[in-house]
**Student:** 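Sharing a structure here in structure tokens format.
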Amino acid sequence: MFERRAYMLDVSRDRVPTLETLEWLVDVLAMLGFNELQLYVEHTFAYSGHEEAWRESSAFTAEDMQWLNHICHMKGIELVGNMNCFGHMERWLAHERYREMAECPDGAPSPFGEGNMEPTCLAPTAENARFGVSLAREMAKAIPHPRIHIGGDEPFELGDGVSSDLVAERGRQSVYVEHLNRIIEPLVADGHDVMFWADQFRRDRSLLDKIPAAVTPVVWNYEAPSDQSWGSFLPANLLDRLGLPDDAHLGFESHARLFIEAERSFWVAPGTGTWNTLIGRNRNAAGNIMDAAEVGRAHQAPGFLLTDWGDNGHFQPLPVSLPSMVRAGAAATRRPVPDHPEVGEQIDEILGCQVGIGALIDRLGDIGESLGLISINGSPIFYALCATAFRSFGELDQGSVTRGLGVLAEADERFSEPIGGARGAVVAEEMRSACRLAELGLRRLAAEHELDVQAPTPDEVAEAADAQRAAWLLSSRPGGLDDSISKLIL
């Protein structure tokens, strides 16, 4: 059993859950054997003096966090602060007040495809480090836990702007570590156990010696082990910029290799596999979760962190994550990981709903992975419907499309009526909305591959967007909703 069994929910990619939803989530985590909750924050915490950054986001206040901390404590769950203060700062840098803090204030070439992207990364300066530390200290005051997660992942533009000369002289990774330490060291001096994402430590073992021994690296990977190299369908420049090892497709053993070789303690962080999907991709998530648990146990990792991201608008509602949460709770507590029937039964118990609803939610998460296409970090169904730089590879299978549309039709019928349970009405409307979007995505995907399926009309997508708005507001705050809906391709 892992000492720390944590679940992390992204509350920064548009969807900010209501307090009622968070209270329900805490109950679910306690039922499944988790003992820690982290809410990933970029701009959705009401930092004092920075109203411009969070004003339109329905941000959590310090009082909200204190209330949630109390709810967690009553259920045997620890609440830990999780934030970012280096990369993934685009919501801050979109405002004129913060723009000059960026590595590339005017944007930079996107590593994901053609064209430029808006600035996402802070320049590695002493002033920006002090800014990051101030945000972390305010978060730590609201969530008084000894540990705090400062992020630090994916500084995409680093070396392309303000720090270009420094990177040319010292190397990109050395500049990265130096700036990360500017943030870590004051917080360690404050008495915090600092956590950070370890994706920049996949290639150069010498960099590990520059990170204080007191901090906790979190090794993340969201793909199940595979025999197909990612380099066969992802551009080399993207793999380089992400700092991925050549054998990243093999799973956590390759992503954590440098920490293993250095005998350095680390956490493992698999994913629910729900983001960029609408309805999940549960086969991949199951393999990813089991791989993380096996590698973590083999190397005495003290912590297991299941991540639930919201990339590209956080369209998926929380019930879509339940199959992965059930599997991860079992893996983290070293119980047998349940198969499809048992997962469904556990979801039925969690929801207190009609028998078979949990199994249906689990089955929905298999549709996108049964189509004959390869997708990284999401589902081809989602990529067909939403504006994103990712795409799928391979040949679409007509029979799988037909079967997938059949399951979605079944779901539309089941979720059009009450499913039972205290939260049944909310879950039904959320799931019906997600399934309607997934149907339109699958139809568009099939039409693009010239299969005998009618493509969705703009009116159909607009109607589904209206249903998504209504379902969203049952469990989430309004801030971010317009931005999320804007990502749909009519």
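In this chain, residues are counted from 1 in sequence order. As the structure is a computational prediction, the values presented were derived from the model and not from experiment.
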**Student:** Indicate yes or no: at least one non-hydrogen side-chain atom of Arg414 is less than 4.5 angstrom from one of Ile419.
**Tutor:**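 Side chain of Arg414 against side chain of Ile419, heavy atoms only: no contact under 4.5 Å found.
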**Student:** Roughly how far, to the nearest 0.5 Å, is NE2 of His95 from CD of Glu51?
**Tutor:**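 Interatomic distance, Glu51 CD to His95 NE2, rounded to 0.5 Å: 11.5 Å.
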**Student:** Does the ring of Trp24 carry Arg423 above it, NZ/CZ under 6.0 angstrom from centre and within 45° of its axis?
**Tutor:**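 So Arg423 does make the cation-pi contact.
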**Student:** Are any non-hydrogen side-chain atoms of Tyr222 and Pro270 less than 4.5 angstrom apart?
**Tutor:**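 When only atoms from C-beta onward are counted, Pro270 and Tyr222 do not touch, as no gap falls below 4.5 Å.
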**Student:** Report yes if the side chains of Arg477 and Leu19 come closer than 4.5 Å at any heavy-atom pair, otherwise no.
**Tutor:**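 Yes - at least one pair of side-chain heavy atoms lies under 4.5 Å apart.
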**Student:** Could you give the distance from CG (Leu122) to CG (Leu93), rounded to the nearest 0.5 Å?
**Tutor:**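 Answer rounded to 0.5 Å: 5.5 Å.
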**Student:** Is there side-chain contact between Pro144 and Asn69, with at least one heavy-atom pair below 4.5 Å?
**Tutor:**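 Sidechains of Asn69 and Pro144: in contact.
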**Student:** Give a yes-or-no answer on whether the side chains of Ser433 and Arg436 include a donor-acceptor pair shorter than 3.5 Å.
**Tutor:**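 Absent: no donor and acceptor within the cut-off.
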**Student:** How close do His43 and Ser12 get, heavy atom to heavy atom, and via which atoms?
**Tutor:**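 Heavy atoms of His43 and Ser12 come nearest at CE1-O, 3.2 Å.
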**Student:** Look at the side chain of Thr333 and the backbone N and O of Ala330, then say whether any donor-acceptor pair between them is shorter than 3.5 Å.
**Tutor:**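 Yes; at least one donor-acceptor contact below 3.5 Å.
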**Student:** On a heavy-atom basis, which atom in Thr274 and which in Ser321 lie closest, and how many Å separate them?
**Tutor:**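 Heavy-atom minimum between the residues: OG1-OG, 3.4 Å.
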**Student:** Who pairs with Ser324 by side chain to side chain contact (heavy atoms under 4.5 Å, CB included), at least two apart in sequence or on another chain?
**Tutor:**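 Residues passing side chain to side chain contact (heavy atoms under 4.5 Å, CB included) with Ser324: Thr272, Asn282, Ala285, Ile289.
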**Student:** Any donor-acceptor pair under 3.5 Å linking the side-chain atoms of Thr277 with those of Gln316?
**Tutor:**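 No, Thr277 and Gln316 have no side-chain donor paired with an acceptor closer than 3.5 Å.
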**Student:** If you look at every heavy atom in Pro323 and Pro319, which pair is closest and at what distance?
**Tutor:**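 Smallest heavy-atom distance, with atoms named: CD-O, 3.9 Å.
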**Student:** With a 4.5 Å heavy-atom cut-off, do Phe86 and Cys121 have their side chains touching?
**Tutor:**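 Contact flag for Phe86/Cys121 side chains = yes.
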**Student:** State whether the side chain of Gln200 and the backbone N or O of Gly243 hold a donor-acceptor pair below 3.5 Å, judged by distance alone.
**Tutor:**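 Checked: no pair found.
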**Student:** Any donor and acceptor pair, going by atom type alone, linking the side chain of Glu157 with main-chain N or O of Glu103 inside 3.5 Å?
**Tutor:**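 Checked: no pair found.
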**Student:** Can you establish whether the number of heavy atoms outside Glu56 located under 6.0 Å from its atom CD is more than 12?
**Tutor:**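 Count not over threshold, so no.
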**Student:** Is the shortest side-chain heavy-atom distance between Leu187 and Val215 below 4.5 Å?
**Tutor:**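 Side-chain contact under 4.5 Å: no.
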**Student:** To the nearest 0.5 Å, what is the distance between CE on Met89 and CG on Leu135?
**Tutor:**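 If I round to the nearest 0.5 Å, the distance is 6.0 Å.
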**Student:** State, without any angle test, whether Gln38 and His149 hold a side-chain donor-acceptor pair at a distance under 3.5 Å.
**Tutor:**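 Short answer, no.
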**Student:** State, yes or no, whether a side-chain contact exists between His145 and Leu79 at a heavy-atom distance under 4.5 Å.
**Tutor:**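 The answer is no, as the side chains (C-beta and beyond) never meet within the 4.5 Å cut-off.
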**Student:** Taking the side chain from Asn221 and the backbone from Val268, do they hold a donor-acceptor pair closer than 3.5 Å?
**Tutor:**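 Side chain of Asn221 to backbone of Val268, a donor-acceptor pair under 3.5 Å: no, none is there.
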**Student:** Could you walk me through whether Asn35 and Glu78 satisfy the side-chain contact (heavy atoms from CB on, under 4.5 Å) test, starting with their C-alpha distance in whole Å, then the side-chain angles of each, then the deciding distance to 0.1 Å, before giving a yes or no?
**Tutor:** CA-CA 6 Å; Asn35 58 14; Glu78 295 182 19; over 6 Å; no
**Student:** Please find out if less than 6.0 Å separates the ring center of Tyr40 from that of Trp197.
**Tutor:**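 When the ring centroids of Tyr40 and Trp197 are compared, they turn out to be at least 6.0 Å apart.
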**Student:** Can you check whether Leu481's main-chain N or O pairs, donor with acceptor, with Ser484's side chain at less than 3.5 Å?
**Tutor:**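 No: the side chain of Ser484 does not pair with the backbone of Leu481.
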**Student:** How about Asp362 and His340: does a side-chain donor come under 3.5 Å of a side-chain acceptor?
**Tutor:**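 The answer is yes; a qualifying pair exists.
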**Student:** Hey, could you give me the CG/CZ distance between Asp311 and Arg13, rounded to the nearest 0.5 Å?
**Tutor:**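 Rounded to the nearest 0.5 Å, the CG-CZ separation comes to 5.0 Å.
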**Student:** Please find the pair of heavy atoms, one from Phe415 and one from Ala428, that lie closest to each other, and give the distance.
**Tutor:**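 In terms of heavy atoms, the two residues are closest at CB-O, 3.5 Å.
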**Student:** Using side chain to side chain donor-acceptor pair (under 3.5 Å) as the criterion, point out the one residue from Asn377, Asn312, Thr307 that pairs with Trp275.
**Tutor:**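 Of the listed residues Asn377, Asn312, Thr307, the side chain to side chain donor-acceptor pair (under 3.5 Å) partner of Trp275 is Asn377.
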**Student:** Given the side-chain rings of Phe131 and His50, with only the six-membered ring counted for Trp, is the space between their centroids under 6.0 Å?
**Tutor:**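 Centroid distance Phe131-His50: below 6.0 Å, so yes.
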**Student:** Apply the side chain to side chain contact (heavy atoms under 4.5 Å, CB included) test between Leu278 and each candidate in Leu385, Ile367, Leu440, Val320; give the one that qualifies.
**Tutor:**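 Checked Leu385, Ile367, Leu440, Val320 against Leu278; only one passes side chain to side chain contact (heavy atoms under 4.5 Å, CB included): Leu385.
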**Student:** Look at the side chain of Asp348 and the backbone N and O of Gly356, then say whether any donor-acceptor pair between them is shorter than 3.5 Å.
**Tutor:**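 Yes.
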**Student:** Between Glu439 and Arg443, is there a salt bridge with N-O shorter than 4.0 Å?
**Tutor:**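 So Arg443 pairs with Glu439 through a salt bridge.
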**Student:** Within the structure provided, determine whether Phe315 and Arg15 are in side-chain contact (heavy-atom separation under 4.5 Å).
**Tutor:**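 Side chain of Phe315 against side chain of Arg15, heavy atoms only: no contact under 4.5 Å found.
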**Student:** Which is it for Leu373 and Leu445 under the side-chain contact (heavy atoms from CB on, under 4.5 Å) test, yes or no, and what are the steps along the way?
**Tutor:** CA-CA 11 Å; Leu373 299 177; Leu445 181 68; 3.9 Å; yes
**Student:** Hey, could you give me the OG/NE2 distance between Ser392 and His449, rounded to the nearest 0.5 Å?
**Tutor:**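 The OG atom of Ser392 sits 7.0 Å away from the NE2 atom of His449.
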**Student:** In sequence, state the C-alpha distance, the side-chain angles, and the governing distance for Glu223 and Arg281, and then conclude on salt bridge (Lys or Arg N to Asp or Glu O under 4.0 Å).
**Tutor:** CA-CA 10 Å; Glu223 301 297 321; Arg281 52 178 187 140; 2.6 Å; yes
**Student:** Minimum heavy-atom separation for Ala328 and Phe304, please, with both atom names.
**Tutor:**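 Nearest pair, atom of Ala328 first, then Phe304: CB-CE2, 3.9 Å.
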**Student:** Between the side chain of Glu342 and the main-chain N/O of Asp339, is any donor-acceptor distance below 3.5 Å?
**Tutor:**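 Yes; at least one donor-acceptor contact below 3.5 Å.
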**Student:** Could you tell me whether a side-chain N or O of Arg334 sits under 3.5 Å from a main-chain N or O of Ala293, the two making a donor and an acceptor?
**Tutor:**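 A pair under 3.5 Å: no.
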**Student:** Are more than 12 heavy atoms, taken from residues, nucleotides or ligands other than Gln66, located less than 6.0 Å from that residue's CD atom?
**Tutor:**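 Atom CD in Gln66 is packed in, count exceeds 12.
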**Student:** Kindly determine whether Asp366 and Val407 satisfy side-chain contact (heavy atoms from CB on, under 4.5 Å), including the steps that lead there.
**Tutor:** CA-CA 10 Å; Asp366 288 343; Val407 176; over 6 Å; no
**Student:** Between Glu118 and Arg99, does the salt bridge (Lys or Arg N to Asp or Glu O under 4.0 Å) criterion hold? Intermediate values first, please.
**Tutor:** CA-CA 10 Å; Glu118 291 297 305; Arg99 193 82 171 192; 3.0 Å; yes
**Student:** Report the C-alpha distance between Ser475 and Leu318 in whole Å, list the side-chain angles of each, state the deciding distance to 0.1 Å, and finish with yes or no for side-chain contact (heavy atoms from CB on, under 4.5 Å).
**Tutor:** CA-CA 9 Å; Ser475 64; Leu318 261 177; over 6 Å; no
**Student:** Do Asn128 side-chain atoms and Met101 backbone N/O form a donor-acceptor pair below 3.5 Å?
**Tutor:**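 Pair found, side chain donor or acceptor close to backbone of Met101.
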**Student:** Would you please name every residue forming a side-chain hydrogen bond (donor to acceptor under 3.5 Å, both in side chains) with Asn284, sequence neighbours left out?
**Tutor:**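 Asn284 satisfies side-chain hydrogen bond (donor to acceptor under 3.5 Å, both in side chains) with no other residue.
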**Student:** Taking CE in Met65 as the centre, count heavy atoms belonging to other residues, nucleotides or ligands within less than 6.0 Å. Is the count above 12?
**Tutor:**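 Atom CE in Met65 is crowded, with more than 12 foreign heavy atoms closer than 6.0 Å.
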**Student:** Testing the basics here: between Ala102 and Pro105, what is the closest heavy-atom pair and its distance to 0.1 Å?
**Tutor:**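 Looking at all heavy atoms of both residues, the shortest contact is O-CD, 3.6 Å.
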**Student:** Could you measure the distance from the CD atom of Glu42 to the CG atom of Asn82? Nearest 0.5 Å is fine.
**Tutor:**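 Glu42 atom CD to Asn82 atom CG measures 10.0 Å (nearest 0.5 Å).
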**Student:** Counting distance only, does the side-chain N/O of Arg147 pair as donor-acceptor with the main-chain N or O of Met195 below 3.5 Å?
**Tutor:**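 The answer is no, because no donor-acceptor pair under 3.5 Å joins these two groups.
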**Student:** Using a 6.0 Å cut-off, check whether atom CD of Glu52 has over 12 heavy atoms from anything other than its own residue.
**Tutor:**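 Correct, the count exceeds 12.
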**Student:** Quick check: are there more than 12 heavy atoms from other residues, nucleotides or ligands sitting under 6.0 Å from NZ of Lys487?
**Tutor:**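 Count over threshold, so yes.
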